[in-house]
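Source: prediction; values computed, not measured.
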Amino acid sequence: MSLKSNLHNLKEKYKGTKMAPAFNALHTFLYLPNETTHGGTHIKVADDLKRTMNTVIMSLIPCLIFGMFNAGYQHYLALGEISQATGFFDSVFWSWDNLVIGLWKVLPLVIVSYGVGLAIEFVFAVIKGHEVEEGYLVTGMLVPLIVPVDTPLWMLAVAVAFGVVIGKEVFGGTGMNILNPALTIRAFLFFAYPTWMSGDKVWVHGAVARDKAIAAGENLDAISGETILGSLAQGKEITYSVWDMFTGLIPGSVGETSAVLILLGGLFLIFTKIGSWRIMLSSVLGALAMGLIFNCVVDAGWIGEGSKFYGLMSTEFWHHLLIGGFAFGTVFMATDPVTASQTNKGKWIYGFLIGFISILIRVFNPAYPEGVMLAILLMNVFAPTIDHYVVQGNVKRRMKRLKAKTA
């Protein structure tokens with residue numbers, strides 16, 4: 001008897017029981033459900049929620065693989081075993097040793113994220129008696145990409161449980177949440193365990209061992225494990241080139257460092273019509289506008305080098321697109337179709353404000369120089385309001401045209 005036949009028999013066995021939602025989720029992971037709609041006129045399309053989620057995951061895979069290599073690269077760089085002059089195309093970067101370190105550190109993050117998140121989804125589906133929804137397929141991949149590589153697994157599990165329950169299930173599940181679940185998880189981690197989400201030790205595996213070796217008198221290069229944003233917020237000079245920032249050979253969250261791969265992922269989402277190009281473009285314009293304003297303030301002499309804001313204010317306005325999590329947040333989280341604005345004009349306003357506020361928070365909050373997370377969560381809350389006023393504006397214009405025609 002074939003596997004598909006066995007699964008069909010099991011489905012009949014669990015049909016109508018409390019465990020039916022959990023079994024159906026496993027059954028339809030590889031096979032499409034055999035139910036069809038009856039009556040009326042229907043339009044068949046090639047995509048569904050599961051295919052949409054899988055497409056987004058495909059766009060994230062390059063960032064995940066690169067993040068694994070970069071985790072190993074930064075590890076050996078911190079220990080002084082390779083030189084910072086190693087380039088993106090150098091064979092040393094693509095060494096299997098780097099990938100092994102990356103797999104060892106990143107793969108458990110992915111397993112915990114999916115394991116805890118999907119387990120909670122299954123529990124809620126069984127309790128409420130509805131089918132397991134596929135919304136967490138993307139969230140489960142996003143979470144390990146937006147956290148430091150040395151995040152403790154138990155800490156990630158607690159954060160995922162909080163984010164799925166409080167940020168999603170209490171609102172009714174997939175399609176009903178008002179906040180991006182992945183960013184809700186990241187926000188919980190930052191505010192609950194701030195020492196594990198900032199500083200110069202958490203972004204590079206082995207940074208603590210390096211510092212202990214230096215303290216013991218070993219001759220190692222003093223390579224900082226701090227992110228570029230953290231260094232600029234403290235007024236330090238950065239040693240990374242624009243090419244390093246573009247390719248991603250810098251410390252940071254697992255999947256947020258490579259601007260070039262994020263750009264390719266964004267183009268793929270636009271091509272498949274899953275990601276909104278309006279939100280992406282307007283976010284970039286908003287960030288450039290705010291960065292340019294700060295550059296003008298510095299050029300005018302209103303902020304001196306002694307100011308704690310000088311480092312990030314004086315940064316070239318377009319550099320803000322390459323550092324931190326701005327690019328990743330703009331492409332993969334600001335465009336979340338559930339929590340973003342739905343109207344075309346609303347998307348322009350929503351995206352522009354995300355970019356504008358991201359750089360504003362980045363500059364004026366040295367304790368947390370990465371502002372894209374808070375900016376997106378803030379605009380998630382205001383997205384329905386933006387759409388409301390856009391729709392009302394359209395209604396008023398149509399009413400005026402109607403009155404003009406009947407006059």
Side-chain angles (χ1 to χ4, degrees), residues 21-22 25 28-29 48-64 67 106-125 128 130-148 151 153 155-190 192 197 253-256 262 265-266 268-269 272 274-276 279 325 328-340 372-374 376-377 379-381 383:
T28 59
F29 184 77
D48 55 19
L49 182 59
K50 186 176 295 185
R51 287 187 176 90
T52 299
M53 297 297 103
N54 287 336
T55 302
V56 179
I57 291 175
M58 288 170 58
S59 68
L60 289 167
I61 292 298
C63 294
L64 175 66
V106 177
L107 207 53
L109 297 176
V110 177
I111 294 172
V112 169
S113 174
Y114 273 117
V116 175
L118 290 177
I120 295 174
E121 291 268 11
F122 274 56
V123 170
F124 271 85
K128 293 183 177 181
H130 63 68
E131 295 297 322
V132 176
E133 296 148 337
E134 294 89 351
Y136 191 78
L137 290 178
V138 170
T139 302
M141 181 62 71
L142 285 172
V143 170
L145 296 180
I146 60 176
V147 298
T151 303
L153 297 180
M155 197 178 291
L156 183 67
V158 172
V160 168
F162 174 88
V164 174
V165 175
I166 304 299
K168 183 179 177 183
E169 294 298 339
V170 296
F171 293 103
T174 300
M176 305 297 290
N177 49 291
I178 63 172
L179 298 175
N180 184 285
L183 286 178
T184 303
I185 293 168
R186 182 65 171 80
F188 176 86
L189 281 170
F190 177 76
M197 296 294 118
S253 295
V254 174
E256 291 181 344
I262 294 169
F268 179 69
L269 292 180
T272 54
I274 291 176
S276 170
I279 293 177
F328 192 90
T330 295
V331 170
F332 295 111
M333 287 179 282
T335 56
D336 176 13
V338 176
T339 56
V372 67
M373 177 190 76
L374 298 178
I376 294 175
L377 287 174
M379 294 314 301
N380 285 167
V381 175

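Summarising the geometry of Pro181 relative to Asp336, their closest heavy-atom pair is CD-OD2, 4.5 Å, with the distance given to 0.1 Å. Closest approach of Cys63 and Phe332 over heavy atoms only: SG-CE1, 4.4 Å. The minimum heavy-atom distance linking Val165 with Phe124 is given by the pair CG2-CE1, 4.1 Å. The shortest heavy-atom contact between Val331 and Gly266 is CG1-CA, 3.5 Å. Across all non-hydrogen atoms, the minimal contact from Gly163 to Thr184 is CA-CG2, 4.2 Å. The two residues Met141 and Ile61 have their closest heavy-atom pair at CE-CD1, 4.2 Å.
In this structure, CG on Asn180 lies 9.0 Å from CD1 on Ile185, to the nearest 0.5 angstrom. Distance CD1/Ile166 to CZ/Phe171: 8.5 Å, rounded to 0.5 Å. Summarising the geometry, atom OG1 belonging to Thr139 is positioned 8.0 Å from atom CE belonging to Met53; distances are rounded to the nearest 0.5 Å. For the atom pair CD1 of Ile376 and OG1 of Thr330, the computed distance is 6.0 Å after rounding to the nearest 0.5 Å. Rounding to the nearest 0.5 angstrom, the gap separating the CG atom in Leu183 from the CD1 atom in Ile146 is 5.5 Å. Atom CG of Leu118 sits about 8.0 Å away from atom OG of Ser113, to the nearest 0.5 Å.
Within the 4.5 Å cutoff, the side chain of Arg186 has no heavy atoms near those of the Val143 side chain. Between Ile178 and Thr339, the closest side-chain pair of non-hydrogen atoms is not below 4.5 Å. Residues Met333 and Met373 form no side-chain contact, since every pair of their non-hydrogen atoms from C-beta on lies 4.5 Å or further apart.
Tyr136 places no side-chain N or O within 3.5 Å of a backbone atom of Tyr114 that could act as its donor or acceptor partner.
The side chain to side chain contact (heavy atoms under 4.5 Å, CB included) test with Pro144 is passed by exactly one of Val110, Val254, Leu156, Leu60: Val110.
For Val116, the side-chain contact (heavy atoms from CB on, under 4.5 Å) test picks out Val112, Ile120, Ala157, Val160, Ala161, with sequence neighbours left out.
Ring-plane geometry between Phe162 and Phe188 is classed as parallel, the angle between the planes falling under 30 degrees on a 0 to 90 degree scale with a further cut at 60.
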